[in-house]
Amino acid sequence: MTRYRAAAWLWISAAVLLPVQVAVAARWPRAYSWRSNTISDLGATMCGFADVGSRAERFVCSPWHVLANAGTVFNGLALAIGALLLWRFWPRRVSGRAGSLLLAIGGLLVVGVGLTPWDLLPDAHHAFALLQAPLQWAGMLLLVRATWHGALPRAVPVVTASAAMLSIAGFALFVDALAGGPSASLGLGLTERVAFDTLTLWSAVVGVLLLRQRPPQAQAQAQAQAQAQAAAAISAGRGTRPRRASSSP
């Protein structure tokens, strides 16, 4: 398997976090609220009411929190390693490599989120999450520039730009909900998922698009080889063209 295809499969596999969340939520002794509970509640080690007396008061009890945190760690590693493997495959090298670097750092920050449950290490957990989002957005927007003109399908930059904008909008709604603004009616859980689960889905969709396309360098080499063969065939045809017989005086 080439580095290009390995990277694509890694980004697709990062989406395993989503079914992991469903499985972990199903093990709660009380129903997990996809609208009110946060994503991080799935990885919390406590069992009881959180943020008592605040707008965000909610029940948290996640017996399978280890699986939730392991899924988050895997998600971050898959994003980071995939980004590094794609380092030299983007059509525009400068913006592509800068984007890969930011995505790799963002993936490592996701690993940090999974290693620091919010109820045990809240400051570290929130710092990792708050740093990860803008770094990944910046990396994605750089990839839009790197892939807009090139051999990759136009769907790659379009999906990337759309996911980044949707995630940023979701994050703004999430912050507003935390502050008790109008978005609070949507719920912390829903707005947070628009902000962060969109990024997980994005990596899987782009991974599928990359699998369906040959690496840009391979396409360029194949095109150059085809052109060289065509030129050689034309040259050979000219060399074997019969000469017209000269008329006798």
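Hydrogens, waters and symmetry mates play no part in the numbers below; they use all other heavy atoms, side chains included.
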J.: Ser203: what forms a side-chain hydrogen bond (donor to acceptor under 3.5 Å, both in side chains) with it, not counting sequence neighbours?
T.: none
J.: Between the side chain of Ser54 and the main-chain N/O of Asp51, is any donor-acceptor distance below 3.5 Å?
T.: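 Present.
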J.: Under a plain distance cut-off of 3.5 Å, with no hydrogens placed, do Trp90 and Thr147 share a side-chain donor-acceptor pair?
T.: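 Checked: Thr147/Trp90 side chains show no N/O donor-acceptor pair below 3.5 Å.
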J.: Heavy-atom distance under 4.5 Å between the side chains of Leu210 and Leu152, does that happen here?
T.: yes
J.: Asp41 and Thr38: side-chain donor and acceptor closer than 3.5 Å?
T.: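 Asp41 vs Thr38: donor-acceptor pair found between side chains.
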J.: Does atom CZ of Arg145 have more than 12 heavy-atom neighbours, drawn from other residues, nucleotides or ligands, at distances under 6.0 Å?
T.: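 No, the 6.0 Å shell around CZ holds no more than 12 heavy atoms from other groups.
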J.: Output the distance between atom CZ (Arg27) and atom CG (Leu67), rounded to the nearest 0.5 Å.
T.: 11.0 Å
J.: Do other residues, nucleotides or ligands put more than 12 heavy atoms under 6.0 Å from Trp9 CH2?
T.: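 Not buried by this count: 12 neighbours or fewer within 6.0 Å.
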J.: Provide the closest heavy-atom pair for Thr72 versus Leu17 in the form atom of the first, atom of the second, distance.
T.: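 Smallest interatomic distance, heavy atoms only, reads N-CD1, 3.6 Å.
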J.: After noting the C-alpha distance and the side-chain angles of Phe49 and Arg58, does the key distance pass the side-chain contact (heavy atoms from CB on, under 4.5 Å) rule?
T.: CA-CA 6 Å; Phe49 285 91; Arg58 62 202 183 279; over 6 Å; no
J.: Please give me the minimum heavy-atom distance between Ala25 and Trp34, naming the atom from each residue.
T.: CB-CZ2, 3.7 Å
J.: Would you check if the side chain of Asn37 reaches a backbone N or O of Tyr32 as a donor-acceptor pair within less than 3.5 Å?
T.: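 No; judged by distance alone, with no hydrogens or angles, the pair does not exist.
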J.: With hydrophobic residues grouped by side-chain heavy-atom distances under 4.5 Å, do Val208 and Leu85 end up in a single group?
T.: no
J.: Less than 4.5 Å apart, any side-chain heavy atom of Val22 and any of Leu18?
T.: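 A side-chain contact under 4.5 Å is absent here.
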J.: Would the distance check show the side chain of His126 and the main-chain N or O of Pro122 forming a donor-acceptor pair, the cut-off being under 3.5 Å?
T.: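 Looks like yes, one N/O pair under 3.5 Å.
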J.: Hey, mind stepping through Met46 and Cys61 against side-chain contact (heavy atoms from CB on, under 4.5 Å) and telling me if it holds?
T.: CA-CA 6 Å; Met46 64 173 290; Cys61 190; over 6 Å; no
J.: Hey, does Gln136 have a side-chain heavy atom less than 4.5 Å from the side chain of Leu79?
T.: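 A side-chain contact exists here, since the closest heavy-atom pair is under 4.5 Å.
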J.: Do Trp11 and Leu211 pass the side-chain contact (heavy atoms from CB on, under 4.5 Å) test, and can you show the C-alpha distance, the side-chain angles, and the key distance before you say yes or no?
T.: CA-CA 10 Å; Trp11 277 14; Leu211 275 183; over 6 Å; no
J.: Does the pair Leu130 and Phe171 meet the rule for a side-chain contact (heavy atoms from CB on, under 4.5 Å), with working shown?
T.: CA-CA 10 Å; Leu130 290 175; Phe171 189 80; 3.7 Å; yes
J.: Distance check, rounded to the nearest 0.5 Å: Leu101 atom CG versus Leu142 atom CG?
T.: 10.0 Å
J.: Given side chains that start at C-beta, do those of Ser36 and Leu188 come closer than 4.5 Å, heavy atoms only?
T.: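 Not touching, per the 4.5 Å side-chain cut-off.
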J.: Please name the pair of heavy atoms, one in Ala23 and one in Trp64, separated by the smallest distance, quoted to 0.1 Å.
T.: O-CE3, 4.0 Å
J.: Taking atom CZ as the centre, does Arg154 end up with more than 12 heavy-atom neighbours from other residues, nucleotides or ligands that are less than 6.0 angstrom away?
T.: yes
J.: Hey, is the main chain of Ala195 close enough, under 3.5 Å, to the side chain of Ser167 for a donor-acceptor pair?
T.: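 Yes; at least one donor-acceptor contact below 3.5 Å.
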J.: Search all heavy atoms of Ala44 against all heavy atoms of Val60 and return the closest pair with its distance.
T.: CB-CG1, 3.8 Å
J.: Does the side chain of Gln132 come within less than 4.5 Å of Val113's, by heavy atoms?
T.: no
J.: Taking all atoms of both residues into account, what is the closest heavy-atom pair of Leu10 and Gly82, and its distance?
T.: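 Smallest heavy-atom distance, with atoms named: CD1-N, 3.9 Å.
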J.: Distance-only, no hydrogens or angles: does the Arg88 side chain make a donor-acceptor pair with backbone N or O of Arg93 under 3.5 Å?
T.: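 Flag not set: sc Arg88 to bb Arg93 has no pair under 3.5 Å.
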J.: Kindly compute the distance separating CG (Asn69) from NE2 (His125), expressed to the nearest 0.5 Å.
T.: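 Spacing of CG (Asn69) from NE2 (His125) equals 8.5 Å.
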J.: Taking the six-membered ring of Trp87, is the NZ or CZ of Arg92 close enough (under 6.0 Å from the centre) and on axis enough (within 45°)?
T.: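 No, Arg92 does not sit over the ring of Trp87.
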J.: Any side-chain heavy atom of Leu42 within less than 4.5 Å of one from His65?
T.: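 The answer is no, as the side chains (C-beta and beyond) never meet within the 4.5 Å cut-off.
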J.: On a heavy-atom basis, which atom in Ala138 and which in Leu102 lie closest, and how many Å separate them?
T.: CB-CD1, 3.8 Å
J.: Using side-chain heavy atoms (C-beta onward) and a distance below 4.5 Å, is Glu192 in contact with Leu173?
T.: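 No, too far: nothing below the 4.5 Å cut-off.
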J.: Test your reading of the model: is there a side-chain donor-acceptor pair from Asp119 to the backbone of Thr45, 3.5 Å cut-off?
T.: yes
J.: Indicate yes or no for a side-chain donor-acceptor contact from Asp176 to the backbone of Ser183 under 3.5 Å, with no hydrogens or angles considered.
T.: yes
J.: Going by atom types alone, do Trp202 and Thr160 pair a side-chain donor with an acceptor below 3.5 Å?
T.: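 On atom types as modelled, these side chains qualify, holding a pair under 3.5 Å.
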J.: Please say yes or no: joined through hydrophobic side-chain contacts below 4.5 Å, possibly via intermediate residues, are Leu77 and Leu84 part of one cluster?
T.: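 As far as the 4.5 Å side-chain criterion goes, Leu84 and Leu77 are not connected within one cluster.
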J.: Quick one, Leu141 and Met165 - any side-chain contact, counting heavy atoms below 4.5 Å?
T.: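 Sidechains of Met165 and Leu141: in contact.
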